[in-house]
Amino acid sequence: MELPVLINTLRAALETDTVHLTREQLEDIHPADYASAIVEFPINDLWTLLSVLPRAEQAKVFGYLPAEVQVELSIRISRRRLSPIIRQMSSDERADLFNRLSEEQRETLLPALALAEREDLLHLSSHEEGTAGAIMTSDYAMLAAEITVAQAMDVLRREAPDKETIYSAYVVDHDRHLIGVVSLRDLILAPVTMRIDELMNHVPIFASVDTLQEEVAALISKYDLLALPIINKNNQMVGIVTYDDAMDVVAEEATEDFHKTATIGKLEISVKDAGILLLYRKRVFWLVILVFGNIFSGAGIAFYESTISEHIALLFFLPLLIGSSGNAGAQSGTLMVRALATGEIKLRDWGALLGKECLVAGLLGFTMAAAVVGLGWWRGGYDIAMVVSITMMLVVLAGSLIGLSLPFLLSKFKLDPATASGPLITSIADVAGVVLYFSIATWYLGL
C-alpha cells in the first residue's frame, strides 16, 4: 500500500474510532511503512495508532520512528506503557534512545528494566559517540568450539528469537575471547557430526570498541560482512555491528559531509523538523566569515580601478572568469574530499596528484579559453580577447590547484577536509581570479 493511501486509511480510522479493526486489516504492512505513516499525525494520535499493536510490533515500529519522535513519546507516555516497548527493542536501539534522554528520564526508565537489561543498557550507552561501541548490539549468537554441528543448530534454533542475526555465529572460549566465526550456510551444509572448531574460520575480521564507526562501515563493506564482531581492550567479544547499522553510519556520514561542503553545521534532526533559529545558527557563521573573505575581491577591483576605467569592457568578463575559477576549484575539491574520505588517497599522494591536476587543469583551461576568445574579440577587440583567454587558462589552473590542495592542507592540520569544499574554495578562488585577471590586463594592455 502506498504511503498516502495508508495515511488516509489511518486518518479515517481515527475519525470513526475503528483503529483496532483497521490495523488488523493492515497486518501485512511493514513496520517501517507503518512508522512513516503514523509520524505524520499529532503525537497523541501517533500514540493511539502505536498502542493498538501487539507489544513486539510496537517495539519494531517504535525503532523506525525518528529520534526526536522517540524522545517526545518517551516524555509523554507513562513508564508503565513505555517499559514494555523498551524491553522489546533491540539492545543497540535501546541504548541510542537512552543516550537521548535527560538524566531525570533515565532515572525513571532504569527501574522498569530487568537487572540484565539494565546492566547491558548502561554498558552500551557508556561508549563514546561515533565509535563501534556506540553502534554495536549485544544480541549476537555464540557457540563453543567443541560442540558438533547438530548441537550448534539446536543452540541457534533456541536463541534465534532473541538475536539480531544468526547468519553468522561467533565462536568464543571460556573467557569470551573471539577464536572463530561460522556462517549458518556452512552449518547447514556440513555433516552433523563435524565439530565447530573444524568448520569455523579461525581468522575472523573484527574491530575494537574504540574503532571509529566509519572505519567499521568500511570493514563491513570491504569484506562483504553481514555483521562485524567487536572486542574490548581485553580481547573479549562484547557485541556486533550489523550491516544495516553500517548503512545507517554511511548515510549519516554522507549527510554530514554534504552539510560541511556547504559550510553548514551538523544537523541532528531533519531539515523538515528543524526550527528557524536552529537553521539560522547552523548557517550564519560561515556566511558572515565568507562575506569578509569576499571583501578581498572588492579590494582587488578597487586597486585596479584605473585599468577598469581605461577598458570598461573588462567588467563584462569578470563574472565569467571568477565563476570559472570557482567551478574548477569546486570540482577538484569534491574529488579530493571524497577520495580522502574513502581512503582512496593519502596525504603522501599530494605531490603526484598535483602534477596530474596541472595537466588536467591546463587542458581544461585551454579548452575554456578557446570557447571564450571569440566573445572577447567581439566585445573588446584583439587585446581584450587575449587578456580574457590568458586569464581563463590561469584562473582555471589556479582554482583547480586551490581545490586540490585545500583538503590536503586541512587534513594535515587534523581538520575535516569536507569543510574545504563549496563556498570556501569558491571564495578563495574568486579572490585569486580577480587578482589574476586585472594583473594580466594591466600587464598586457601596458597600463
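What you see below is based on every heavy atom in this structure, not just the backbone, and it leaves out hydrogens, waters and symmetry mates. Nothing fancy with the numbering, it's 1 onward along the sequence.
Using a 4.5 Å cut-off on side-chain heavy atoms (C-beta onward), Leu49 and Leu14 make contact. At least one side-chain heavy atom of Ile322 sits under 4.5 Å from a side-chain heavy atom of Val434. Between Met200 and Ile179, some side-chain heavy-atom pair lies under the 4.5 Å cut-off. Under the 4.5 Å side-chain criterion, counting only non-hydrogen atoms from C-beta, Ser325 is not in contact with Asp430. Taking the side chain as every heavy atom from C-beta outward, Gln70 and Phe62 approach each other to under 4.5 Å. The shortest side-chain heavy-atom distance between Ile38 and Leu65 falls under the 4.5 Å cut-off. The closest side-chain heavy-atom distance from Met392 to Leu320 is below 4.5 Å. Contact of the Val209 side chain with the Thr131 side chain is not registered, since no non-hydrogen atoms from C-beta on lie closer than 4.5 Å.
Note that CG of Leu143 and CG of Leu199 are 10.0 Å apart. Values are rounded to the nearest 0.5 Å. Asp175 contributes atom CG, which lies 5.0 Å from atom CG of Asp173 (distance to the nearest 0.5 angstrom). For the atom pair CG (Leu359) and CG (Leu354), the distance works out to 10.0 Å, reported to the nearest 0.5 Å. To the nearest 0.5 Å, the span separating CG on Leu409 from CH2 on Trp350 amounts to 9.5 Å. The CE atom of Met136 sits 10.5 Å away from atom CD1 of Ile240, with the distance rounded to the nearest 0.5 Å. Note that the CD atom of Gln236 and the NE2 atom of His177 stand 5.0 Å from one another [nearest 0.5 Å].
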Before you tell me yes or no, could you show the steps for Leu73 and Leu50 under side chain to side chain contact (heavy atoms under 4.5 Å, CB included), namely the whole-Å CA-CA distance, both residues' side-chain angles and the distance that decides it to 0.1 Å? CA-CA 11 Å; Leu73 272 176; Leu50 183 65; 4.1 Å; yes

Stepwise, does the side-chain hydrogen bond (donor to acceptor under 3.5 Å, both in side chains) test hold for Thr242 with Asp245? CA-CA 5 Å; Thr242 56; Asp245 289 327; 2.9 Å; yes

Decide side chain to side chain contact (heavy atoms under 4.5 Å, CB included) for Met336 and Ile345; before the verdict, give the C-alpha distance in whole Å, the side-chain angles of both, and the deciding distance to 0.1 Å. CA-CA 8 Å; Met336 294 306 108; Ile345 59 174; 3.9 Å; yes

Evaluate the criterion salt bridge (Lys or Arg N to Asp or Glu O under 4.0 Å) for residue pair Arg157 and Asp154; output intermediate values, then yes/no. CA-CA 5 Å; Arg157 193 174 293 110; Asp154 287 337; 2.8 Å; yes

Would you sort out whether Ser400 and Val360 count as a side chain to side chain contact (heavy atoms under 4.5 Å, CB included), showing the intermediate values? CA-CA 9 Å; Ser400 297; Val360 173; over 6 Å; no

Using side chain to side chain contact (heavy atoms under 4.5 Å, CB included), reason through Thr165 and Tyr140 one step at a time and then give a plain yes or no. CA-CA 6 Å; Thr165 178; Tyr140 58 93; over 6 Å; no

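Remark: side-chain polar atoms of His202 are paired, donor with acceptor, to backbone N or O of Asp197 under 3.5 angstrom. No donor-acceptor pair closer than 3.5 Å links the side chain of Glu40 to the backbone N or O of Ala37. For the pair Gln88 (side chain) and Ala59 (backbone), a donor-acceptor distance under 3.5 Å is absent. No donor-acceptor distance shorter than 3.5 angstrom exists from the side chain of Ser221 to the backbone of Ala217, with no hydrogens or angles considered. Here the side chain of Asp33 pairs no donor or acceptor atom with the backbone of Ile29 at under 3.5 angstrom. Formation of a donor-acceptor pair under 3.5 Å by the Thr211 side chain with backbone atoms of Ala207 is not found in this model. Put simply, the side chain of Asn99 never gets that close to the backbone of Asp96: no donor and acceptor are under 3.5 Å apart. With hydrogens and angles disregarded, a donor-acceptor distance shorter than 3.5 Å links the side chain of Ser51 to the backbone of Thr48.
Under the side chain to side chain contact (heavy atoms under 4.5 Å, CB included) criterion, Ser36 pairs with Leu3, sequence neighbours left out.
A 6.0 Å sphere centred on OH of Tyr167 holds no more than 12 heavy atoms belonging to other residues, nucleotides or ligands. Residue Glu344 places its CD atom among 12 or fewer non-hydrogen atoms of other residues, nucleotides or ligands, all under 6.0 Å distant. Residue Trp47 qualifies as enclosed at atom CH2: its count of foreign heavy atoms under 6.0 Å is above 12.
Salt bridge status for Arg76 with Glu72: present, with a side-chain N to carboxylate O gap under 4.0 Å.
Closest non-hydrogen pair, Ala369 versus Met393, comes out as CB-CG, 3.7 Å. In this structure, Ile402 and Ala432 approach most closely via the heavy-atom pair CD1-CB, 4.2 Å. Between Leu219 and Phe206 the shortest heavy-atom distance is CD1-O, 4.2 Å. Residues Glu129 and Ala134 share a closest heavy-atom pair of CA-CB, 4.1 Å. The nearest pair of heavy atoms linking Ser332 to Gly403 is OG-C, 3.7 Å. In plain terms, the two heavy atoms of Tyr437 and Leu318 that are nearest each other are CD2-CD1, 3.8 Å.
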Atom pairs and distances, side-chain donor-acceptor, residues 182-192, under 3.5 Å, sequence neighbours left out:
{"unit_1": "Ser183", "atom_1": "OG", "unit_2": "Asp186", "atom_2": "N", "d": "3.1"}
{"unit_1": "Ser183", "atom_1": "OG", "unit_2": "Asp186", "atom_2": "OD2", "d": "3.2"}

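Looking at Asp210 and Ser208, their side chains never bring a donor and an acceptor atom within 3.5 Å of each other.
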